[in-house]
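The structure appears right after this line, and notes come after that.
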Amino acid sequence: MNVELRGSVEKTLFQNNDNGFVIFNIQVKTDEFITAKGYIPNLQPGTEVLLSGNWIFHPKFGRQFEVAQCINVVPTSILGIKKYLGSGLIKGIGPKYAERLVNHFGQSVLEIIENEPDRLKEVGGIGQRRVEQIIESFKSQREISNVMIFLQERGISTSYATKIYKKYEQNSIAVMTENPYRIADEIWGVGFKTADQIALKMGIERNSVKRIKSGITFAITSEVGNGHLYVEVQELKDKSCMLLELEQTENAALLKLAMHQLYEEDKIKLLTHLDKHYVTLSKYYHSEKNVATKIQNLLSYHAADISQADQGNRFDMNAISQSLDNDTSGVELNEDQKAGILACMRNKVTIITGGPGTGKTTLIKKLLNTLDEQKVKYKLAAPTGRATKRMMESTGRFALTIHRLLEFDFKTMGFAHNEKNSLSLDFLIIDEASMIDIFLANSILKAIPLNAHLILIGDVDQLPAVGAGNFLNDLIQSNKITCIKLVQIFRQAKNSLIILNAHRINKGEFPTTFLPDTKKDFFFIKEEDPLKAIDHLKGIMAKTLAQFHILPSQAMTLVPMNKGIVGTQNLNIQLQSILNPPTEGPQVSNFGYTYKIGDRVMQIKNNYEKLVFNGDIGNVENINTEDKKLLIKYYEREIEYDFDELDEITLAYAISIHKSQGSEFQAVIIPIFTQHFALLQRNLIYTAITRAKKLCIFIGQVKAMAMAIKNNKSVKRKTFLKEFLTTDLVCR
């Protein structure tokens, strides 16, 4: 039998930000305090609550109240109102303003906020901007509270209520009632399991077609998260039934019906290739098919005033070739580089690929000089802010991130530059093209006018894009695109062990720590015990970096995986304590991390509103606990985050090797142990070492390094761009 308690939260004794579990003291009478515990996210001291649950006896701590449901109620006492307003729950009001407001308005202050908010300006220091902030936050908290109550009444944790409200606002309850599975597709950070739990609590049958359809689409989406665009039919059925916890043989007819309905609704597409049957979401198929179609259109396009005999070429290729041969700038090009420049001028789509030290940057600079001489309009772009910055530094020309180049339009929630509003240019040159996933590739190609040239520059031996598809590699494998591969290592690059070892690793050879006439910029610290990796990191940060005139802020620890002793999650906490130790300054905690001023952080999802993107790295500049805001500086831009948006960032003292693509650091430190065995692949290690500019240090086991170098069998992504370019393959 449930017991009800009403009182004011005095203080929290323990709080787990990952799952919302909290132990707290609640004052139920003037002098009676009770210890309670339960899953109550965002519980703030001073909040007045109505709890329902049961008494339990803890063998160590005695009698406690175990909370099954918690409902926020409006406090009525002066002390309760002060605590409530001073808790930070309402943005714009902290302890200081709570004191002033209650002293001025007394017990009627909450009524004033709700009905006569302009009167708040009667209190010194409160202006129009703060009043608007208080009004918005107070209204939001009321509506969020309704959503929380709605969910709690169905036995669902309220940890996602803020996200749900932020997405759907006043329509939250209507959306949840109509189709709770929408939140898995439409709200970042909410998984299918959470949506399914809500749906089942709301009365949706376990074997309903609606539930099975949602499970199928989520199973396809999960494969996209692994880089694939298609799933074999039987594999999809297996994954869907495992996700839904349904026996496949007993529900075969329902699975078939759900697939048929999804097909009839044009939610999925079916494809048969080499006697195997595949399924994908329609939007994924159209993205890849559109890329193939636009590439084919670019290759076949001829301007009206150019004859077929010229093959679409509007430049004097002989003159350009002679100019390259007779260059007097002092920079001598090899034959591959010259061929690359001529290919870019001659062909509508060209790929330039090659490893470190093979002269890709020199080729780009010479190409840009040629384009300047020809008086053609070009733009430079790269997938990430760091890659863009490198491109500008190396070429001396302005460059943009691809997202900024295409310009996000909030009215349409898409890019402003598209097939109806193409970019104004003759050449688009994109660096780090191996990072481009199929969806971004589709957006780029939509925005390119048919008379333009597209040049993709990248290292095809690096890891494929974090996102889905295999864009650059599929283009190369199709043999439909002119591809120039630079292989000759330039003399000035040959004195770097970083560059020489990158090529050794790429050829399947073990790296060396010494060669005559080379810089000592590569080290391998042999260590069998993963627990000792942090001790080595401490020594590197304290001494080694200084010997190379590198600051700790210029170094990055790159790790194969996120979990484990030498995963990013643990190393970030350890490195934070070394590089930005605890202080008395403001801080905020979220999902197991505590953020302080000076912390290095990384954005982990694309945010088009703020124009910060997955993988962008910045530093915490300020934390305002009064207004619940955090300020992060990315390059030259300062971006403000509300505290409830902090699940979009993570600490970035250590990042995964996948997340490091497109970046370059003065020093990289790479722990490598056999506990990473599932991810130990040659292209992973190759990508990691090529992120280092002046110093590369591996810490770990020789066996683990050997395993990685030997393993050249990366997972083949299920994509069909190559086939769309070379055959008449279509989905149905």
Side-chain angles (χ1 to χ4, degrees), residues 188 360-361 364 378-409 415-417 423 428-437 439-441 443-444 447 456-459 462-463 465-467 471-472 551 553-558 568 598-621 630-641 645-646 648-668 687-688 690-693:
W188 184 81
K360 294 193 299 294
T361 298
I364 297 172
Y378 59 83
K379 290 186 185 294
L380 307 181
T384 67
R386 283 184 175 269
T388 303
K389 187 177 178 182
R390 285 174 55 198
M391 200 176 191
M392 287 194 287
E393 290 171 347
S394 63
T395 64
R397 265 71 161 206
F398 182 69
L400 289 162
T401 62
I402 294 169
H403 292 87
R404 282 175 174 264
L405 174 74
L406 299 178
E407 298 178 26
F408 192 75
D409 183 354
F415 289 115
H417 289 290
L423 294 162
L428 177 58
I429 303 160
I430 299 179
D431 199 9
E432 295 288 355
S434 62
M435 297 180 63
I436 300 173
D437 64 32
F439 308 120
L440 188 55
S443 296
I444 293 166
L456 300 169
I457 300 163
D459 187 345
Q462 289 183 22
L463 289 166
V466 174
F471 173 62
L472 188 66
L551 299 172
S553 60
Q554 297 173 310
M556 180 60 78
T557 301
L558 303 180
T568 61
D599 275 331
R600 185 197 294 170
V601 295
M602 180 173 65
Q603 178 80 11
I604 55 174
K605 66 163 286 194
N606 288 341
N607 187 319
Y608 294 98
E609 184 176 354
K610 298 182 188 295
L611 285 177
V612 287
F613 302 100
N614 190 355
D616 283 350
I617 295 174
N619 290 89
V620 177
E621 292 285 299
L630 180 142
L631 193 69
I632 300 174
K633 187 172 184 178
Y634 294 98
Y635 314 114
E636 302 306 317
R637 299 174 62 235
E638 292 186 340
I639 306 297
E640 194 173 68
Y641 291 76
E645 296 177 308
L646 295 186
E648 293 188 14
I649 65 168
T650 187
L651 288 177
Y653 296 101
I655 64 175
S656 70
I657 296 170
H658 282 85
K659 291 283 190 183
S660 74
Q661 289 174 265
S663 298
E664 187 177 64
F665 307 96
Q666 294 294 311
V668 298
T687 300
T690 55
R691 301 305 93 202
K693 192 172 182 179

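All values below come from the heavy atoms of this structure, side chains included, with hydrogens, waters and symmetry mates left out.
- The OG1 atom of Thr650 lies 10.5 Å from the CD1 atom of Ile655; values are rounded to the nearest 0.5 Å.
- A tilted orientation is assigned to the rings of Phe415 and His403, their planes being inclined by 30° to 60°.
- Of all non-hydrogen atoms in Asp431 and Pro383, the two that sit nearest each other are O-CD, 3.2 Å.
- With values rounded to the nearest 0.5 angstrom, Ser660 atom OG is found 8.5 Å from Gln462 atom CD.
- Residue Thr384 holds its OG1 atom at 11.5 Å from NZ of Lys389, rounded to the nearest 0.5 Å.
- Considering CD1 of Ile457 and CD1 of Ile430, their distance stands at 9.5 Å, rounded to 0.5 Å.
- For the side-chain contact (heavy atoms from CB on, under 4.5 Å) test, residues two or more places apart in sequence or in another chain that qualify with Leu405 are Lys379, Ala381, Leu400, Leu423, Leu428.
- Annotation: the span from Arg404 atom CZ to Phe613 atom CZ amounts to 7.0 Å, rounded to 0.5 Å.
- Under the side-chain contact (heavy atoms from CB on, under 4.5 Å) criterion, Arg390 pairs with Glu432, Glu664, Arg691, not counting sequence neighbours.
- A salt bridge does not link Lys610 to Glu648: none of the charged side-chain nitrogens sits closer than 4.0 Å to a carboxylate oxygen.
- For the pair Ile657 and Ala688, the tightest heavy-atom approach, listed with the atom from each and the gap, is CD1-CB, 3.8 Å.
- Between Val612 and Arg637, the closest side-chain pair of non-hydrogen atoms falls below 4.5 Å.
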